[in-house]
Amino acid sequence: MAPLDLAVQEEEKLSKPTEKIINDFNIQVATVNGSGSQTANTVLLRSIFQMGVPVSGKNLFPSNIAGLPTWFTIRVSKKGYLARREAIDILVAMNPESAREDIFKLVSGAMVVHDEPLSLKSLRDDLVYYAVPFDKLVATVCPDAKLRRLVKNMIYDGVLAKLLGIEMPEIEKSLRKQFRKKPKAADLNFNAAKAGYEYAEKHLTKADPYVVERMDLTKGKIIIDGNSAAALGCVFAGVTVATWYPITPSSSLCESLIEYLKRYRVDKETGKASFAVVQAEDELAALGMAIGAGWAGARAMTSTSGPGISLMAEFAGFAYYSEVPVVIFDIQRVGPSTGLPTRTSQSDILSAAFLSHGDTKHILLLPASVEECFTFSLEAFDLAEEFQTPVFVMSDLDLGMNNWMSDPFQYPTKPFHRGKVLSGEELDRVKEFARYRDVDGDGIPYRTLPGNHHPRAPFFTRGSGHNEWAIYSERPDDYVRNMDRLARKYETARQRVPTPAIDENSKAKVGLIAYGTSHWAVVESRDRLLAAHDLETSYLRLRAVPLNHELEDFIRRHDRVYVVEQNRDGQMHDLIRLEVEPEAALKLRSVRHYNGLPISPRSVVEQILAQEGID
Amino acid sequence: MAPLDLAVQEEEKLSKPTEKIINDFNIQVATVNGSGSQTANTVLLRSIFQMGVPVSGKNLFPSNIAGLPTWFTIRVSKKGYLARREAIDILVAMNPESAREDIFKLVSGAMVVHDEPLSLKSLRDDLVYYAVPFDKLVATVCPDAKLRRLVKNMIYDGVLAKLLGIEMPEIEKSLRKQFRKKPKAADLNFNAAKAGYEYAEKHLTKADPYVVERMDLTKGKIIIDGNSAAALGCVFAGVTVATWYPITPSSSLCESLIEYLKRYRVDKETGKASFAVVQAEDELAALGMAIGAGWAGARAMTSTSGPGISLMAEFAGFAYYSEVPVVIFDIQRVGPSTGLPTRTSQSDILSAAFLSHGDTKHILLLPASVEECFTFSLEAFDLAEEFQTPVFVMSDLDLGMNNWMSDPFQYPTKPFHRGKVLSGEELDRVKEFARYRDVDGDGIPYRTLPGNHHPRAPFFTRGSGHNEWAIYSERPDDYVRNMDRLARKYETARQRVPTPAIDENSKAKVGLIAYGTSHWAVVESRDRLLAAHDLETSYLRLRAVPLNHELEDFIRRHDRVYVVEQNRDGQMHDLIRLEVEPEAALKLRSVRHYNGLPISPRSVVEQILAQEGID
Amino acid sequence: MSTITILPAPPKKTNVYRGSKTTLCAGCGHNAISERIIDAFFELGIEPARVAKFSGIGCSSKSPAYFLSQSFAINAVHGRMPSVATGAILANRNFFALGVSGDGDTASIGIGQFVHMLRRNLPIVYIIEDNGVYGLTKGQFSATADAGSKSKSGVTNDLPAIDTCALAVDLGATFVARSFSGDKKQLLAILKAAISHRGTAMIDVISPCVTFNDHEGSTKSYSYVKDHEEPLTDVDYIPYFENIDVDYDPGTTVSVRLHDGSHVRLRKLDPEYNPTSRRSALNLLREAREKKEILTGIFYLDTSAKDFIEILDLVDEPLASLPQELLRPPQEALDEVMEELR
Amino acid sequence: MSTITILPAPPKKTNVYRGSKTTLCAGCGHNAISERIIDAFFELGIEPARVAKFSGIGCSSKSPAYFLSQSFAINAVHGRMPSVATGAILANRNFFALGVSGDGDTASIGIGQFVHMLRRNLPIVYIIEDNGVYGLTKGQFSATADAGSKSKSGVTNDLPAIDTCALAVDLGATFVARSFSGDKKQLLAILKAAISHRGTAMIDVISPCVTFNDHEGSTKSYSYVKDHEEPLTDVDYIPYFENIDVDYDPGTTVSVRLHDGSHVRLRKLDPEYNPTSRRSALNLLREAREKKEILTGIFYLDTSAKDFIEILDLVDEPLASLPQELLRPPQEALDEVMEELR
Ligand SMILES: Cc1ncc(C[n+]2csc(CCOP(=O)(O)OP(=O)(O)O)c2C)c(N)n1
Ligand SMILES: Cc1ncc(C[n+]2csc(CCOP(=O)(O)OP(=O)(O)O)c2C)c(N)n1
Ligand code: SF4
Ligand code: SF4
Ligand SMILES: [Mg+2]
Ligand SMILES: [Mg+2]
């Protein structure tokens, strides 16, 4: 057994219950991919959510299309924790191939709903087993044999509803929502769920402690994945040119962008589009197109994952140096190279921050929630145009592709910030126009857009050396002046990007720093550290690079500061070391999680306790 | 006038001579490119060298093919300094376009050899002018009008020979060496030189203080550019597959490699080649080919510059993760983006060190001299095969394309180090073969080569996740184990790469750190700091990344340590900060030069004095 | 050491069609092409302000600095100009887009983007200044160098040349032509026709590199081209004529109506030749290649195909200048989506 | 949470021609191709140990794990397999090199490397498992999707398809064929012919994606192919026969001698068709395309062209196994160079 498994057993002991466990457990559905369990799982998740109970869903899928083991985990948490919890309390075992191993990972006392033919009972005697004859049941509700495979999964929803106390009307409601336009399919599926419910009612006796009870914690809230949230943000940011090359886990961002744009940005009368979305031939072309569009004045973006980021390196430097606004979404997955495409990580931080050869420094936004996927998308377009530079939005597979509960998104109040663009009339008013001159002392020059017919508007854009008038120059002084201005611009951005979110605890000697999805594990870890180990902590969540000066102050106010992240090399830890004074750097410690699964509170707590010398 | 120019004036005052200046001055020949001055300049350089006087030549050329101003600078230095010196003492003004500006950059008392029609005298009255009627002279020695343009430049060699006291037999000797296979061309050129000499004898009166006098400091030495030296190293390292895509300043590496390979690695009898050099369609393909070759057991390399490094990012990560040996030369030029292709820098350090998305760390070698271009090429192939990973050799334009004086290269004594490769017989002896297992605890696994027909030899190489048997795996524990082993391998490399070269001064409170071509400016700066400012310094020259632990000790032994380099962002300074304890990092200061010209001692001295608070 | 002078000199404002002083070699074919570009836009009366210039990297790709100084321009990275142009054109459909590339930039590093640009029928005039070598990096072979030709340094090219015109015809391009930088009349006429075409107008212009490729053995040198050029169609540009049909008999002349209403006249030298048939174009090109001849003229023309802007069905106004009111959906839209996610 | 099981199971050592269990969808055309590859190598008696497998990224590119478990293999990055194969083949000329790619991997992101591999006539069997979609990323269109076809999600493809065979013939490839994953006999015969060819043997195998492309409107689906397939040549593989000539009359059968001495027999269904003429091949391919038919068979064959190893004139022994004595020149060589630099 891997060390991880032992750890699971331990956590289990800590949390082992003796009585009813209400709204605080982990359900895992083990199927094979391509078997159509997605609907059943979503309906299950939503039904609990509709009962006012906080949930989160995580899909762990292999890098192929059909026939391999897949796990969908639903965390039910009355405290509203959204991080991945490792221990599993409830297993729905549909996949014979993984069932054995799945069983051995369960907490003692866990419940197992399994296909009747699978004889699992002999494996462990500390579990509660519920056998269900799925095939027989589906035959009764679904006369068309071809459809049975698709409907079969809905049966376990019914079984669980009965066993856990999920209300059937909520199952039906969420089912009908899923099949809005296909009432027949909804009926068929609901019949399957009912068959499961009835079977459980008749044949199964509740012998486990897990229960769902109505609460009032999800009212008004939504469930959405980060990629859809980001796409929505782009729509409201007024994106006009979006380019992409398919890659997991980023594809669904542009795919839902297309859906939203078709819905809200096609002229009702003419049928014409106020946007262009292009599936490029590769990532080099995707960024090239976005740069061309940004140069010409469009709000332009592309979306990719690690391998694409690597391929975009040259163009990213070009955009930095020729000062073209463009938004780049990096939905991070495990690297390096082509990596494990269906596993999550935060390991592109260093490469994105310095992407391209030469002296290059980029702005990164670090959304931690689906809400920030939305708001940072808006922010990204504004920043890109304000600073005339690429802006990277660093999401990840966990955030981008999983279902997250959230407050609804607020309609943006700020108008577009289109940056220092000079119109023809403005050119008439100014004496001189030098494309790359630092007129305002903030490093940000003025630009004109192609299409501006003023005789002084046009300029020649190049990656190579130029003077303030955008004229080719190899003069050392021109080169240095330009490089220094670019550095100054980056310093201006430091003050302008989203500031860290700080939760200061005046009693705390220990500080925690995290960003992106590591946030959720940290939130829960802090509670655990306090509850179980009396360790008070403060917390700073980074929301952007360049790092704001508040970060350094935060570090100085604490004795030891843990940087929590999901990569092997402690990339943000390193970035922070570069930015803060060595006195502050002395206090930094690194907490890293990099096995491809979303970071769990347990791994954070364990690493902090070990480094604090607490056990 | 740019600040630089004022600085030149000042240095001039400091160094202004009152009497004969022997073997210690800077000659600048200003022409247009494409006008065929290369031969004349090389002959001039070599003639002085043959007189036993240390010289170095730097070519400052524009990014086009013909018709634009070009400057060739010959530094004559009896002390053997090879760094770029900013002040110019002798100008050969052949280019009307730049002449005016060139004149204003000269030290007071400088000598100017100029084409007679150019009337420059009125510009400054503190210079010594020598007008030469080049066109008339060339007409007399070269009846064929078409050839005159090519021969004309040789006249200034003759003029300078007379004025400076360079011996004509040395001019002839070096000319005949240049035109080994074209005696007629040699004659024609030598006649032109003689015409210049005789003209000077008759019409010019020596009125400047500059003199060349025979010394004995170059005996046995060679003159070579870094790219040729590296190519030579590759030949003796037994390179078998070399791939490239043309790019300045790296092209000449592969071009001279082809020359040497044709000469020494073609079978005399069969005419067949023991090497394949492929001009690829781009840099992605170039690295892909080299990786394929390295995988199959060839000693494989590619050579490029910044934009190519960016394009290679994905493949570099693939090679790191699939553990394929490959040598990558990066002849750095000014970045970012397509940059100034004919200007030098050391600004790819960070991108190369972390090249690719995800957690990736590479080995870099940092040659400072043409000799190290040779020896580190040998080293690079050994390290790549020993560590089964990409090894980057970080040269630069200044080192790669300019002429450097050096001790002759030593024939390698070490046999090839081909790393942990298992033959068929060895496989018979071992019980098990797991491609990615850490058998020896050093992180380095054993590999087999395609072509090994042992039934247990084959394995499946992939960029994506795998277990120790090279079998596809998405298991979190397999992933972590592999990542940790890769990190361990990097730590092993830390002990194995070339150690820093340290010149410790027990009286010094101040330490200097440099690498690559910055070395030459530091050597001279230390002398100047001591002589003019009584500042004792120690010096550590980095020769590789990962940084060896000796570095940290060096820093600890000093109060303040300056990291001298040629980029805007202090990239090595940052890398060091990441590697050393914060206490040591506290002592670090950054000295940066990034105007595209080779770093000069003056800029180093000035920045150190400013930071030391000395003036 | 001397500082470096500003290169090249700032453009003369007096003639907006001209550019700054060329820094290419004297006699470079690329300079002649720049001249024809100036003539074409001038004669068509297209204001430079309406033109956007795109290029990659190379001597050829530098040339946009040497014409139409009053146009916006972007000098992108090596081999990847088509993507940059694509984005810019999508952002502003009102441009006259002009791309200038080299054979290395297009056929070696850039062949991928070239192929996909052609598939999209991007509205752009795309000129390959084709000399068979990498001029700017000093004369290595590109992928259009003829098999068997020798470089100045004595190296022989053993790989078959890519015929960019055949490739373009096969890939579905809608305007495919070839000319020679020294043929003022034909090049100007083809350029004017291309500018009037809606869709990708791809012109391969044989443009000798006087420095690295003007020697025996190269089919891209002046002398070779002068000897072997065999004009296929005589192209005369006639603005605003009314004929539309391109169904015409062998041996006669045809006038094709272009999108802006202007016309291009094609003379069929070969009675079998039909400028609207990809198959004939491909056959002629291959035949010429087999005979080691360079055919010039407009090989293929399709005035009916949708260009990329039409395929994407974009609004008439440039995307780049749409106001926030049109780009940000109203509050109700967000409310609607939020409701669905509850 | 459960750990993840090892995927796929380790190969069975008992049958060295087989691979590990496929993880592709049941019914995927790619699996059928894997079977034929196994058959071909088995029937030709080529030991897997002599084979090197190369692939890019995609469902298709995963398949080398599912055959010839006793061969070395490298699964490279997306679209860039040809370069990796090139390097490996240069390092060891003794391989039977087998490349497996997808249409996305080859025709979209990888078109550049594909084009340049063909120009070099790299000795490799290069199979495109062509389904018109990106299978592994869930069904987006690739550059071989037919214009007008509809994806499962209802999106229509508006761009013309790249005909990889026509491209290959035009670019100078020396063995160009097309087959269908479901046509056991023809595919096997073509594979065996390809393996015996010296140079790039490029085979476009229509290989339906049952999950994302087996629906109406797609010409890459089973049903469409079954309806529209029109075999061009019946290919029978006859090892070690002696005929050499390919000069033959329309309507008859020709037997072409391959480099290893083996033969391939071509039946000319079309009396005009000549498998040694690029022009005819291109015409037939274009004609078929215009008729929206899929031609299968070997379109072009050139057994005389030099492959890349011959062009580079490499020594007979693999470069990778040359000993230090042959690779490091003697002391005198270095002395000589040093002397010249003095
Ligand atoms: C990524 C990258 N690789 C290489 C280069 C170096 N480079 C500059 S121009 C050029 C070739 C230009 O050839 P071509 O397009 O034919 O233009 P020409 O100079 O012949 O007009 C190359 C290889 C570069 N700028 N960027
Ligand atoms: C650089 C990069 N971009 C994108 C991807 C994502 N990706 C994986 S496979 C694939 C397409 C595969 O399509 P195809 O080659 O046709 O193979 P198929 O799955 O259809 O057999 C893509 C886009 C990747 N792995 N690497
Ligand atoms: S090198 Fe050749 S292509 Fe470049 S400018 Fe000179 S002649 Fe033209
Ligand atoms: S998704 Fe399509 S291509 Fe991929 S394995 Fe399934 S059927 Fe084959
Ligand atoms: Mg060229
Ligand atoms: Mg496919």
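The sequence lines fix the lettering, A, B, ..., with proteins before strands; numbering per chain opens at 1.
Considering only heavy-atom pairs separated by less than 4.5 Å from chain A, the leading option among C:Ala52, C:Ala76, C:Ala85 is C:Ala76. When C:Val337, C:Thr86, C:Leu334, C:Ile57 are compared by the number of non-hydrogen pairs under 4.5 Å with chain A, C:Leu334 comes out ahead. Each of A:Thr218, A:Thr448, A:Asp282 has some count of heavy-atom pairs under 4.5 Å with chain C, and the biggest count is that of A:Thr448. Each of A:Ala273, A:Gly297, A:Ala298, A:Ala296 has some count of heavy-atom pairs under 4.5 Å with chain C, and the biggest count is that of A:Ala273. Counting heavy-atom pairs closer than 4.5 Å to chain A, the top residue among C:Glu339, C:Gln331, C:Arg80 is C:Gln331. Of the listed residues (A:Trp469, A:Tyr260, A:Tyr264, A:Phe275), the greatest number of heavy-atom pairs within a distance under 4.5 Å of chain C belongs to A:Tyr264. Ranked by non-hydrogen atom pairs under 4.5 Å with chain C, the options A:Ile291, A:Val235, A:Leu287 are led by A:Val235.
Contacts between C:Ile74 and chain A at a heavy-atom distance below 4.5 Å involve backbone atoms as well as side-chain atoms. Heavy atoms of C:Arg119 lying under 4.5 Å from chain A are absent altogether. Residue C:Pro48 does not touch chain A at all, counting heavy-atom pairs closer than 4.5 Å. Neither the backbone nor the side chain of C:Asn94 comes within less than 4.5 Å of any heavy atom in chain A. Both the backbone and the side chain of C:Ala333 come within contact range of chain A, each with at least one heavy atom under 4.5 Å from a heavy atom of that chain. A:Arg299 does not touch chain C: none of its heavy atoms, backbone or side chain, sits under 4.5 Å away. Both the backbone and the side chain of C:Glu340 come within less than 4.5 Å of a heavy atom of chain A. Of the atoms belonging to A:Ser322, not a single heavy atom falls under 4.5 Å from chain C. At a 4.5 Å heavy-atom cutoff, the contact between A:Gln410 and chain C is made by backbone atoms alone. Only the side chain of A:Leu232 comes within less than 4.5 Å of a heavy atom of chain C; its backbone N, CA, C and O stay farther away.
Here the closest non-hydrogen pair linking C:Leu122 and C:Phe308 is CA-CB, 4.1 Å. Heavy-atom minimum distance, C:Gly79 versus C:Ile109: CA-CG2, 3.5 Å.
The closest side-chain donor-acceptor pair between A:Arg265 and A:Ser274 falls under 3.5 angstrom. Between the side chains of A:Ser473 and A:Asp478, at least one donor N or O lies within less than 3.5 Å of an accepting N or O.
Just one of A:Phe459, A:Phe460, A:Tyr321 meets the ring-ring contact (aromatic ring centres under 6.0 Å, His included) condition when paired with A:His466; it is A:Tyr321.
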